[in-house]
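Have a look at the structure below, then the notes.
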Amino acid sequence: ISEILYKKVEVLNLQLENKVEDQSKEIKKLLDNMNTSVFAIGGDFKVLPPVSKYSETIFGKDIIGKEVSEFLFYNIRKGTKEYRDLRTVFSLIFGADELQYFGLEDNLPKRVTLPDKTNQKGKTLKLSYSAFYDQDDLVEKIMCTVEDVTESEERIKKAEEDQESYKFISEIMEIDDKENIAKKTGDLISKLF
């Protein structure tokens, strides 16, 4: 009888392992088809698997096992107040309860700019965070979602510049004596030089 039970347990265990593997594959597919970097940060500030495939596109390397200061916050120099503040916030978050996490979350960077080979101004990344809690409802790891917003930031800046130009032109269009404005502008430019 114990041998029959043992075989049934083995079969059930194998079925459970297959289901877990199938679910893991589905999660991996979802992560790999996103145009967003998604990864978890552990209490040692290192990236835990799984990681979305797009992470390698954004950071140009495999980030599993890397400390976030190596690839995401590496422009914050060690030894500076900013670096110490960032490490302190992360240290306080891990092991914190939900209320403490929400109080500290605002101190985490929401945007970073990284060097980019194709864009002289760099790559602008938008960051968001979510906490994962353990059985004691304390923060065990932090999920970080990273979006490359470089193009949209450039479009917003261009739209703001266009709007400013439009306002300037609108103000000039409202003036009746445009010849006088042109003369005064020319005189002012001459004085400046």
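Values reported hereafter were calculated over all heavy atoms of this structure, with side chains retained and with hydrogens, waters and symmetry mates removed.
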Open item on the list: Are the side chains of Val51 and Val38 in contact, using a 4.5 Å heavy-atom criterion?
Closed with: no
Task: Gap separating the CG atom of Leu108 from the SG atom of Cys144, nearest 0.5 angstrom - done: 8.5 Å
TODO: With sequence neighbours excluded, tell me which residues meet salt bridge (charged side-chain N to carboxylate O under 4.0 Å, His left out) with Lys81.
DONE: Asp85
Open item on the list: Restricting to side-chain contact (heavy atoms from CB on, under 4.5 Å), what partner residues turn up for Asn75, sequence neighbours left out?
Closed with: none
TODO: Check whether any side-chain N or O of Thr150 sits under 3.5 Å from a backbone N or O of Thr124 as a donor-acceptor pair, and report yes or no.
DONE: yes
Open item on the list: According to a hydrophobic-cluster definition based on side-chain heavy atoms being under 4.5 Å apart (Ile, Leu, Val, Met, Phe, Trp, Tyr only), do Ile63 and Tyr74 belong together?
Closed with: yes
Task: Shortest non-hydrogen separation from Gln100 to Leu92 and the atoms involved - done: NE2-O, 3.9 Å
Give the table of side-chain donor-acceptor pairs shorter than 3.5 Å for residues 185-193, with sequence neighbours excluded, one pair per line with atom names and distance.
unit_1: Thr185; atom_1: OG1; unit_2: Ile181; atom_2: O; d: 2.7
unit_1: Asp187; atom_1: OD2; unit_2: Lys183; atom_2: NZ; d: 3.4
unit_1: Ser190; atom_1: OG; unit_2: Gly186; atom_2: O; d: 3.1

Open item on the list: If the condition is ring-ring contact (aromatic ring centres under 6.0 Å, His included), which residues does Phe71 pass it with, not counting sequence neighbours?
Closed with: Phe39, Phe59
- [ ] Please identify each residue that fulfils side chain to side chain donor-acceptor pair (under 3.5 Å) with Asp62, with sequence neighbours left out.
- [x] none
Task: Same apolar cluster: Phe132 and Leu138, side chain cutoff 4.5 Å - done: no
Task: From Ser130 atom OG to Glu105 atom CD, the distance as rounded to the nearest 0.5 Å - done: 7.0 Å
Task: For Asp106, salt bridge (charged side-chain N to carboxylate O under 4.0 Å, His left out) partners two or more places apart - done: none
TODO: Could you list the residues that satisfy side chain to side chain donor-acceptor pair (under 3.5 Å) with Glu67, not counting sequence neighbours?
DONE: Ser69, Arg87
Task: Any pair counted as ring-ring contact (aromatic ring centres under 6.0 Å, His included), so long as it reaches residues 88-113, sequence neighbours left out - done: Phe45-Phe90
Open item on the list: Same cluster or not: Leu48 versus Ile142, using hydrophobic residues (I, L, V, M, F, W, Y) connected whenever any side-chain heavy atoms lie under 4.5 Å apart?
Closed with: no
Task: Point-to-point distance, once rounded to the nearest 0.5 Å, from NZ of Lys61 to NZ of Lys66 - done: 6.0 Å
Task: Test side-chain contact (heavy atoms from CB on, under 4.5 Å) applied to Pro109 - qualifying residues, sequence neighbours left out - done: Phe73, Leu86, Val112, Leu127, Tyr129
- [ ] Mind checking side-chain contact (heavy atoms from CB on, under 4.5 Å) for Lys126 and listing every partner two or more places apart, or none if nothing turns up?
- [x] Arg111, Glu147, Val149
TODO: Could you give me the CA-CA distance, side-chain angles and deciding distance for Glu98 and Tyr133, then say whether side chain to side chain contact (heavy atoms under 4.5 Å, CB included) is met?
DONE: CA-CA 8 Å; Glu98 188 175 10; Tyr133 300 93; 3.4 Å; yes
Identify all side-chain donor-acceptor contacts of residues 8-16 below 3.5 Å with residues at least two apart in sequence or on another chain.
unit_1: Glu10; atom_1: OE2; unit_2: Tyr6; atom_2: OH; d: 3.2

Open item on the list: Is the shortest side-chain heavy-atom distance between Lys7 and Ile4 below 4.5 Å?
Closed with: no
Open item on the list: Does atom NZ (Lys110) have a neighbourhood of more than 12 heavy atoms from anything else shown, all under 6.0 Å?
Closed with: yes
Open item on the list: Minimum heavy-atom separation for Ser37 and Ile58, please, with both atom names.
Closed with: CB-CD1, 3.8 Å
Task: Distance (rounded to the nearest 0.5 Å) between Thr36 OG1 and Leu125 CG - done: 11.0 Å
- [ ] Answer with yes or no whether the side chains of Ser55 and Ser52 bring together a donor and an acceptor at under 3.5 Å.
- [x] yes
Task: Pairs involving residues 130-144, ordered by first then second residue, that meet salt bridge (Lys or Arg N to Asp or Glu O under 4.0 Å) (sequence neighbours left out) - done: none
